[in-house]
**Q** 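Here's a structure for you.
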Amino acid sequence: MILKAFILSLILNISLLACADGWDYNEKEFVFLEHRNQPFSNIAEEIKSANVYNTIYWSYEKNNKEKNIQEWMKQLNDSFSAKQIEDFVYKRKDLNLIKDKEIKDYLIFVSEQEKHVSDGYYSNDELKNLKDFNLLIKEAVAKIDTVNSPYLKLRYFYLALRLAHFKNQEPLALYEKYKYLLDSKNNTIVKDWIQGLYAGALVKNAQTVKGVYEFTKLFDENRINWHLSYYNFHHIKTNEQWNELLKLAQNNEEKTKFYALRALNENSNVMEELQNIYTIDKNSKWFDFTLYRELLNTQHFFDQNNEIERNFPFKKYVDYLKTINKDDMYLVNLSLGYFNLYENNFAEASTIEKDLLNKYPNSHEVQTFSYILYLQKLEKIDRETENIIYDKMEKLIKEETTSSAIHDYTFVVLKKLYLKQNDKFYAFLASNINYLDEASFDLALLEKFRIFMQEPKQSKIQEHFAKKYLEQNLLKKQNNQFVLNDNLQEAKTKLLINNLKFEEALELNSNYLSTLVQFNPFNGLIRGNNRSGKQDVMSVKEFLEKTILIKKELEKNPNSVMDNYLFANALYNLSYFGNSNILTTVYRSVYSFNDKDLQKEKIDLAIKYYTKAQEEAKEKEFKAKITYMLAKAELALYDINYSTKTQDYYNKDLSRFELERYWFYNNEKVYNSYIQNNYGKYFDMLKKDYSNTKYYNEIIKECANLRIYQKSK
């Protein structure tokens with residue numbers, strides 16, 4: 001087989017591409033076209049990128065190894081399993097099991113010469129003990145003349161040529177002497193390997209154009225190393241070389257292939273190359289190859305999350321393709337259908353759709369286009385339309401097992417239609433059809449979801465929603481009622497705490513109540529987030545019980561200094577800025593929050609109870625401490641009011657609020673804004689009324705916010 005060293009030597013001069021037997025979903029979200037067998041057909045991305053090359057190379061190695069093992073199995077009369085053959089050929093294990101001496105000698109010889117051409121790491125001792133490569137070339141050549149097996153003659157030819165090529169030992173002369181072996185009727189990948197080596201030797205020998213021409217012969221779906229054809233095409237750099245290459249073409253098929261290879265370059269004028277191919281042979285398969293890659297690339301039109309703007313001249317292509325008249329117009333018309341769809345020219349797209357369905361009624365690709373066009377034309381959604389959509393989608397999905405694009409894009413369109421009709425709940429269901437994150441819920445939405453799952457469904461799409469969410473095990477049935485699973489029970493408990501519904505959170509009695517609270521939520525410390533002191537001192541249940549008890553005490557005695565202070569601490573610590581915000585959210589972000597109104601409610605309430613505690617407190621040191629907590633709450637209020645709304649990175653349906661203030665960066669602009677907008681009254685109060693307290697002296701040492709504020713002011 002072609003060794004890694006040969007491939008990697010090419011990488012030094014060129015960049016490579018993507019996998020030919022699958023879509024790259026990292027690059028394209030939705031693809032509604034079917035795979036083609038020609039090389040590079042299914043790759044719309046830039047094929048010179050390293051990640052694309054790696055994917056192709058790994059695929060090549062895998063396929064090459066599998067085919068090589070199959071060939072050896074046949075040579076050994078299917079006497080051994082694929083695993084045994086792999087051990088023989090690639091590990092040289094258990095060779096004593098092979099009775100054919102010529103085959104056994106060949107495999108031993110492979111092991112003797114491969115370190116000369118492999119890119120693996122070898123110790124100095126291993127390299128020192130290598131057999132001289134000149135002797136190995138001579139041995140391989142001698143074997144060509146002496147072994148009886150035509151198959152082994154060809155393989156020894158390959159090994160000799162490979163060594164000669166890598167060691168600069170006149171590989172072209174060796175090729176000319178033994179190329180007659182390629183005329184054998186053996187259908188083997190070894191011939192492809194030899195062709196690649198021969199082409200590479202020509203390029204290395206400064207016969208660049210001829211070498212590239214020989215590489216183009218590999219550009220065929222039946223060649224194992226077809227990728228080398230394009231990855232060496234870059235050697236054609238001038239018009240003179242291009243014209244010389246065209247002269248080498250034996251027929252129009254080869255000429256059109258050259259134009260198709262040139263069209264693969266990211267900087268090529270693809271429409272011009274299509275015109276060149278069409279001029280030579282309007283029915284060339286390379287016209288369809290090039291056009292299909294353009295059509296595949298335009299499937300980015302359906303992407304929802306890719307922020308890269310791609311400008312494609314749809315109208316220009318529509319005008320051009322209308323001039324085409326081939327014997328087989330299938331791909332031309334399919335392209336015209338999609339290009340008109342992209343331009344919202346639904347009337348023309350529908351005319352093309354009707355013609356395609358008439359001529360190709362059993363084509364899944366055509367039926368898919370018809371379905372996508374139907375979705376794009378929808379203006380509204382109702383229960384009857386939902387049933388139609390489901391039936392169409394289900395029929396296509398049953399016939400398509402390689403992709404989820406048809407299913408997933410259906411719900412992208414449904415989401416848009418639901419939002420257009422202000423049906424936010426069904427838009428939510430459509431948006432989360434494949435994975436519903438517990439963090440997506442608020443209290444009202446969670447209850448609406450539970451009720452939806454319980455009630456009878458009114459359409460097939462609704463039944464599909466229920467089925468998909470049951471598959472995610474979000475709910476379970478108890479006494480013929482749907483109840484939330486443990487994760488959603490925990491999420492609901494947190495939502496109740498976030499909404500300050502402490503009694504309901506306790507009554508829910510989820511397993512989460514036994515979780516230990518990391519930091520004491522009743523602490524009010526100099527540290528901004530109160531994260532110090534003993535940890536894990538109480539469970540969530542104990543925290544809720546104590547909070548409820550404090551609330552009841554406040555109902556009996558609203559002027560209780562300590563109860564006001566402790567309750568205010570709990571409210572502050574449950575906010576984004578405190579030490580226990582994790583009790584209120586499934587996933588806590590370190591730089592933003594998504595529940596602005598609730599954050600403000602908690603801080604406003606905390607200020608209310610701190611103010612009451614301060615008014616009723618008698619001891620000056622304690623009043624200073626309460627005043628400092630008021631200052632911290634005021635800072636939090638500033639952050640909330642002046643936070644920046646942005647879209648959540650992971651969930652595009654959520655809005656998040658990022659903080660403008662990063663005190664660690666000593667942002668003078670933000671401090672000035674804080675002062676100019678009449679914040680800071682409690683910092684002023686601390687200095688004015690409590691500067692002679694011990695607590696104030698501790699704050700000045702520990703609190704950078706206070707020091708910077710005073711300096712700014």
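In what follows, residues are counted from 1 in the order of the sequence shown.
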**Q** Does P39 offer a backbone N or O that forms a donor-acceptor pair with the side chain of H227 under 3.5 Å?
**A** no

**Q** Would you indicate whether the side-chain heavy atoms of N68 and W193 approach each other to under 4.5 Å?
**A** yes

**Q** Could I get the full list of side-chain contact (heavy atoms from CB on, under 4.5 Å) partners for E273, not counting sequence neighbours?
**A** Y259, R262, A263, N276

**Q** Looking at K237, I'd like to know if its NZ atom is crowded, meaning that more than 12 non-hydrogen atoms belonging to other residues, nucleotides or ligands lie closer than 6.0 Å.
**A** yes

**Q** So do H464 and I433 actually touch side chain to side chain, heavy atoms under 4.5 Å?
**A** yes

**Q** If we ignore angles and hydrogens, is there a donor and acceptor under 3.5 Å between the side chains of R223 and Q195?
**A** no

**Q** Please tell me whether F369 and Y338 form a close aromatic pair, meaning their ring centres lie under 6.0 Å apart.
**A** yes

**Q** For Q367 and P361, work out which heavy atoms get closest and say how close.
**A** NE2-O, 2.8 Å

**Q** Report yes or no: do E71 and T188 form a side-chain donor-acceptor pair below 3.5 Å?
**A** yes

**Q** Of all heavy-atom pairs between L296 and S41, which one has the smallest distance, and what is that distance?
**A** CD2-O, 3.5 Å

**Q** Please round to the nearest 0.5 Å and tell me the distance separating atom CG of L136 and atom CZ of R162.
**A** 11.0 Å

**Q** What I'd like to find out is whether the side chain of I406 reaches to under 4.5 Å of the side chain of F32, using heavy atoms alone.
**A** yes

**Q** Over all heavy atoms of both residues, which pair between L274 and L291 is shortest? Give the atoms and the distance, please.
**A** CD2-N, 3.8 Å

**Q** Determine yes or no for a side-chain-to-main-chain donor-acceptor pair under 3.5 angstrom, with S59 supplying the side chain and T55 the backbone.
**A** no

**Q** Using modelled atom types only, decide if a donor and an acceptor are shared between the side chain of D408 and the backbone of F30 within a distance under 3.5 Å.
**A** no

**Q** Please step through ring pair (Phe, Tyr, Trp, His ring centres under 6.0 Å) for the pair Y342 and F312, ending with a clear verdict.
**A** CA-CA 10 Å; Y342 302 148; F312 192 89; 8.0 Å; no

**Q** Identify whether the distance between the nearest side-chain nitrogen and carboxylate oxygen of E254 and K257 falls below 4.0 Å.
**A** no

**Q** Hey, is E114 close enough to R92 for a salt bridge, meaning N to O under 4.0 Å?
**A** yes

**Q** Quick one: does H235's side chain have a donor or acceptor within less than 3.5 Å of a partner on V209's backbone?
**A** no

**Q** Using 0.5 Å steps for rounding, measure from the CZ atom of R36 to the CD1 atom of I43.
**A** 14.5 Å

**Q** Between K83 and D87, does a salt bridge (Lys or Arg N to Asp or Glu O under 4.0 Å) hold up when you go through it step by step?
**A** CA-CA 6 Å; K83 177 65 173 63; D87 287 343; 3.1 Å; yes

**Q** Taking NZ, NE, NH1 and NH2 as the nitrogens, is one of them in D100 or K104 under 4.0 Å from a carboxylate oxygen of the other?
**A** no

**Q** Is there a side-chain contact between F411 and M393 (heavy atoms, below 4.5 Å)?
**A** yes

**Q** Tell me whether E102 contacts the main-chain N or O of V147 through its side chain, where contact means a donor paired with an acceptor under 3.5 Å.
**A** no

**Q** Go through the side-chain N and O atoms of Y175 and E170 and say whether any donor and acceptor fall under 3.5 Å apart.
**A** no

**Q** Answer yes if the side chains of E353 and Y374 hold a donor-acceptor pair under 3.5 Å, and no otherwise.
**A** no

**Q** Decide yes or no on side-chain contact (heavy atoms from CB on, under 4.5 Å) for I372 and F302, but give the supporting numbers first.
**A** CA-CA 10 Å; I372 299 302; F302 301 105; 3.6 Å; yes

**Q** Counting N and O atoms only, with roles assigned by atom type, does the side chain of D94 sit under 3.5 Å from a partner on the main chain of L97, one being a donor and the other an acceptor?
**A** no

**Q** Would you call the rings of F88 and F80 parallel, tilted or perpendicular, taking 30° and 60° as the class edges?
**A** perpendicular

**Q** Report yes if the side chains of H407 and N434 come closer than 4.5 Å at any heavy-atom pair, otherwise no.
**A** yes

**Q** For L474, is there any backbone N or O sitting under 3.5 Å from a side-chain donor or acceptor partner on N487?
**A** no

**Q** Is E139 salt-bridged to K131, going by a charged N under 4.0 Å from an acidic O?
**A** yes

**Q** Show the numbers, then the answer: is there a ring pair (Phe, Tyr, Trp, His ring centres under 6.0 Å) between Y371 and Y409?
**A** CA-CA 11 Å; Y371 176 61; Y409 190 70; 8.9 Å; no

**Q** Compute whether any side-chain donor of one residue and acceptor of the other, for N186 and K191, lie under 3.5 angstrom apart.
**A** no

**Q** Would S335 and Y317 count as having a side-chain donor-acceptor pair, cut-off 3.5 Å?
**A** no

**Q** If only atom types and distance count, is the side chain of S370 paired as donor or acceptor with the main-chain N or O of V366 below 3.5 Å?
**A** no

**Q** Salt bridge between K65 and E86, side-chain N to carboxylate O under 4.0 Å?
**A** yes

**Q** As an exercise, state the distance from NZ of K247 to NZ of K255, rounded to the nearest 0.5 Å.
**A** 11.0 Å

**Q** Does the cation-pi check pass for K143 over F109, that is, NZ or CZ under 6.0 Å from the six-membered ring centre and within 45° of its axis?
**A** no

**Q** Can you tell me how far CG of L246 sits from CZ of F258, rounded to the nearest 0.5 angstrom?
**A** 7.0 Å

**Q** Examine the side chains of D281 and W286 and answer whether a donor and an acceptor come within less than 3.5 Å of each other.
**A** no

**Q** For E253, does its backbone N or O pair with a side-chain atom of T256 as donor and acceptor, under 3.5 Å?
**A** yes

**Q** Please report the shortest heavy-atom distance between T146 and K153, naming the atom on each side.
**A** N-NZ, 4.5 Å

**Q** Has the side chain of Q169 got a donor or acceptor atom that lies under 3.5 Å from a matching backbone atom of L163?
**A** no

**Q** Between N77 and S79, does any side-chain donor sit less than 3.5 Å from a side-chain acceptor?
**A** no

**Q** Decide if atom NZ of K359 counts as having more than 12 heavy atoms of other residues, nucleotides or ligands within a radius under 6.0 Å.
**A** no

**Q** Quiz question: by atom type and distance under 3.5 Å, do the side chains of D288 and Y330 form a donor-acceptor pair?
**A** no

**Q** Passes ring pair (Phe, Tyr, Trp, His ring centres under 6.0 Å), F233 versus F215? Steps please.
**A** CA-CA 8 Å; F233 205 75; F215 271 121; over 10 Å; no

**Q** Does the side chain of F339 reach to within under 4.5 Å of the side chain of L295, using non-hydrogen atoms?
**A** yes

**Q** Side chains of D327 and N283: any donor to acceptor distance under 3.5 Å?
**A** yes

**Q** In sequence, state the C-alpha distance, the side-chain angles, and the governing distance for N432 and Y469, and then conclude on side chain to side chain donor-acceptor pair (under 3.5 Å).
**A** CA-CA 9 Å; N432 296 279; Y469 289 124; 5.1 Å; no

**Q** Between CD of E29 and OG of S404, what distance do you get to the nearest 0.5 Å?
**A** 10.5 Å

**Q** Any side-chain donor paired with an acceptor under 3.5 Å for E61 and Y57?
**A** yes

**Q** Quick one: closest heavy-atom pair of L341 and L373, and the distance?
**A** CD1-CA, 3.7 Å

**Q** After noting the C-alpha distance and the side-chain angles of Y230 and F219, does the key distance pass the ring pair (Phe, Tyr, Trp, His ring centres under 6.0 Å) rule?
**A** CA-CA 8 Å; Y230 175 70; F219 198 52; 8.3 Å; no

**Q** What is the minimum heavy-atom distance between H165 and L197, and which atoms define it?
**A** CD2-CD2, 3.8 Å

**Q** Could you tell me whether the side chain of K179 reaches within less than 4.5 Å of the side chain of I194, counting heavy atoms only?
**A** no

**Q** Have Q38 and Y292 got a donor and an acceptor in their side chains that come within less than 3.5 Å?
**A** no

**Q** Nearest 0.5 Å, what's the OH-CG distance between Y156 and D145?
**A** 12.0 Å

